[in-house]
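Below is one structure, written out as structure tokens, with a few remarks after it.
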2 protein chains.
Amino acid sequence: MPITPRTLSGFKDRLPKEAYAKSQMLKSIIHSFQKFGFSPIETPHLEYAEILTKQGSDEIQKEMYRFKDHGNREVALRFDLTLPLARFIAQYKNILGLPFKRYCIGNVFRGERAQKGRYREFTQCDFDFIGTTSIGSDLEILEVIYQTLKELKIQNFTIYINHRKIFNGLCEYLEAKEYVNDILRIIDKIDKIGKEAVERELKQSTPLSQEQIHILLDFISKKQTSNATSLLQDIQSYKSLNSQLKEGIEELESLCSLLSLVIPENFYAINLSIARGLGYYTGIIYETILKDLPSLGSVCSGGRYDKLTQNFTQEELSGVGASIGLDRLLSGLEELKLIDSKDTPANLLIIPLYTLNYAYESAKGLRELGLKVEVYPEITKAKKAFAYANNKNYQWVMVLGEEEQKEQSYSLKNMQSGLQEKYVSLQSVYEKLYQLP
Amino acid sequence: MPITPRTLSGFKDRLPKEAYAKSQMLKSIIHSFQKFGFSPIETPHLEYAEILTKQGSDEIQKEMYRFKDHGNREVALRFDLTLPLARFIAQYKNILGLPFKRYCIGNVFRGERAQKGRYREFTQCDFDFIGTTSIGSDLEILEVIYQTLKELKIQNFTIYINHRKIFNGLCEYLEAKEYVNDILRIIDKIDKIGKEAVERELKQSTPLSQEQIHILLDFISKKQTSNATSLLQDIQSYKSLNSQLKEGIEELESLCSLLSLVIPENFYAINLSIARGLGYYTGIIYETILKDLPSLGSVCSGGRYDKLTQNFTQEELSGVGASIGLDRLLSGLEELKLIDSKDTPANLLIIPLYTLNYAYESAKGLRELGLKVEVYPEITKAKKAFAYANNKNYQWVMVLGEEEQKEQSYSLKNMQSGLQEKYVSLQSVYEKLYQLP
């Protein structure tokens, strides 16, 4: 009985075009991370379940792939790269030295309800700065977001910035401190469900009065009139309400005094409604929206968390970091037709019409010069190989028949124009083609 | 109660030095695969268990991580990249077009008994050529092995080549055709356990007589006197024994007539004792040994298999391919001190003694010129930052104090010599440092 070839619901294969685009993106992302001196680390896909169970929302806990291994240990597939980082830092902090900057790129697993654009396995690209509370580290994470998206040739995006202490301070002022996580979770949905629905839900799920809800919603709806500083000036008076509000606003002020040095002002904005559902953030938080496709949601989010290693050690280590949701970003760029996609990485297909020797020797020579070259693997009829070349969208093919071999020449055919020209050296072929991407 | 931070037995974290070396190797490997026109694909880590259960040895089946997911489906973590490839090809062959060349780099999972150098999660780099039986495709896979190891700056290795039909033909001649998989499995251990132990085990586990065992072991012990062709000449007379032997020897002859065009003769050899334990190979097979560390075992193995998609479709598709065991190769190169390891990808650490602004602005300028630059994230005492720089083995640091900021100058300090020099432009700093790796 043959088995039906299929993937699990919510899991995805990538065919060459898309996989090539993703690999090119990864190359750019790694280049960008390394340019800032972030070091790579690797942790396993599988961990002791207890390492992953103490943090993360209830929902994420339910979605975790958890099972018993051959030694009857409770194990689980990681659902993010942050909890493994916490374990990693607790385990090696004495070897690593602090502050410590790392990036980590890998797949994570969540058994979510399958829906369009949501997958159960997806790639995250995390970069974090551990063991310092300096505003410099906050600044740099934001600068890396900006530079990485630029490196990916994305032109039109905004990084929205907020501070968790401002939000906490406001809840404290409204005497709703113990409901702050519920309020956060509801506010986090404002872009999806709208202001009215948020208002209704706040009324149902929290003890906030109508008036308090209005104060809250008015506050988080405040918009920049010109730049980030203008909004911070608008909320100056809130500093006097309590220390949380004072600290939050002041920290944003320090950050903004440096930010325009490294990021053009039209690429970031203070947005007081950014909540980041997860409870563990304690300082600045941010989301990144593609202006041409805001419905995609944030493609790079993060913030500062002060209790990273709290499950493992009493020593408190503060961290700040962000994560690029690579698959979401790729699907967005596909929709915007901004991806660098190719059917093959090669620049040229060599077609052997007479012998294999001459084809493989020529290919070797061209690769040594620097070209990416595929050889059609069989001595073939030109027509069959041209169909193969067209299917792969080759712009150029090299036809090597008996004549070419005897003359030691190389016929190059442009697949668009159909024009064919003979070259007498591999060097001259290389000079014709080396500018191909 | 704090949780002890630890990984599962057989699973490995990689700290920056090693992770950086691995990421540099991956970059070279991808570059090499793409140079030959192999396209990337991606398949999930998790598959329906039935996709993975019909092939692979009993041992591998036992080692598989298998469990029920949230929807009560039987799922399993992939233990190689070949079975997912078989599913992938069966599923998309009409879209992909044949012949199809792909590479796939990813982690696989086997719950093996933990032992030195063996991990339960490891990275494989597979490249395969599907849908052609041309000798050109066999040739190219071997050429890719050679070029990729060269790209990794490995100088001293041998690719050992054999043909499964020669082995099958010999077993047929010895009237032991139905024991061929047992014999293969035993012969495969010859490098580990030695010839005498193999002889004992063949006597115990197969019906081969003492004389037959000697014929078999004499045959597979034949060595090249000079090059590959010399050994093929030595076994010419075996062609007349049966069609399997004839075909196997002839196919190796065709291959060797082309091979020296693309691989220098001292990098490959026919080795009649190469067995590749797995049953699914049907044509040429090969292993790659680092000459300076033969005890490591093969770092890149593969061969031709004619029944790749047999579980999914009646249509027979032949493939040929190989897999680099990246973690094993990395550990070998570590042992041979051949890895490109660094504590940080950055070329330079900037130390802000006076303001953060000047440090971040200078870093931004140097990155735009092309350097990789880390900024120490706090205004600090020089001593503390120098200790950080030493810990990370920085060769150069840039010290920016009040004087430098007022003059708009940059002091560059060589951490080995201790010498410090002032520069008046970022361009001149760049020119000093741009040749750093």
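By convention in this document, chain letters (A, B, ...) are assigned in the order of the sequence lines, proteins followed by strands, and residues within each chain are numbered from 1. Everything numeric here is computed off the predicted structure, so don't read it as measured data.
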Considering only heavy atoms and a distance below 4.5 Å, find which of [options] pairs most often with chain A.
options	result
K364(B), R6(B), Q91(B)	R6(B)
T133(B), I89(B), L366(B), L356(B)	L356(B)
F38(B), Y360(B), F109(B)	Y360(B)
H45(B), R73(B), R102(B)	H45(B)
L349(B), T313(B), I95(B), L96(B)	L96(B)
A90(B), P99(B), G111(B)	P99(B)

Inset, instruction - Under the salt bridge (charged side-chain N to carboxylate O under 4.0 Å, His left out) rule, what do E315(A) and K93(A) come out as? Steps first, then yes or no, please. - result: CA-CA 11 Å; E315(A) 186 185 347; K93(A) 63 181 188 300; 3.5 Å; yes
Heavy-atom proximity to chain B below 4.5 Å, by part of [X]:
X	result
L46(A)	both
E47(A)	both
K22(A)	side chain
F122(A)	neither
S23(A)	side chain
R367(A)	both
I379(A)	neither
T4(A)	backbone
I30(A)	neither
Y48(A)	both
N391(A)	side chain
F88(A)	side chain
D138(A)	neither

Measure [X] against the heavy atoms of chain A and call it side chain, backbone, both or neither at under 4.5 Å.
X	result
E378(B)	both
V75(B)	side chain
E143(B)	side chain
Y103(B)	side chain
L261(B)	both

Legend entry - Side-chain donor-acceptor contact under 3.5 Å, T43(B) with D13(A): no
Legend entry - All salt bridge (Lys or Arg N to Asp or Glu O under 4.0 Å) counterparts of K12(B), not counting sequence neighbours: E18(B)
Legend entry - Salt-bridge present (E140(B), K101(B); N to O < 4.0 Å):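 Salt bridge between E140(B) and K101(B), a charged N being under 4.0 Å from a carboxylate O: yes.
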Legend entry - D69(A) and R66(B) ion-paired at < 4.0 Å: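 Salt bridge absent between D69(A) and R66(B).
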Legend entry - OG1-CD1 distance between T309(A) and I130(A), expressed to the nearest 0.5 angstrom: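 Reported value, rounded in 0.5 Å steps: 9.0 Å.
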Legend entry - Point-to-point distance, once rounded to the nearest 0.5 Å, from CD of E151(B) to NZ of K27(B):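 Between atom CD of E151(B) and atom NZ of K27(B) there are 11.0 Å.
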Legend entry - Any side-chain heavy-atom pair of I51(A) and P84(A) under 4.5 Å: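 A side-chain contact is absent here, since even the closest heavy-atom pair is not under 4.5 Å.
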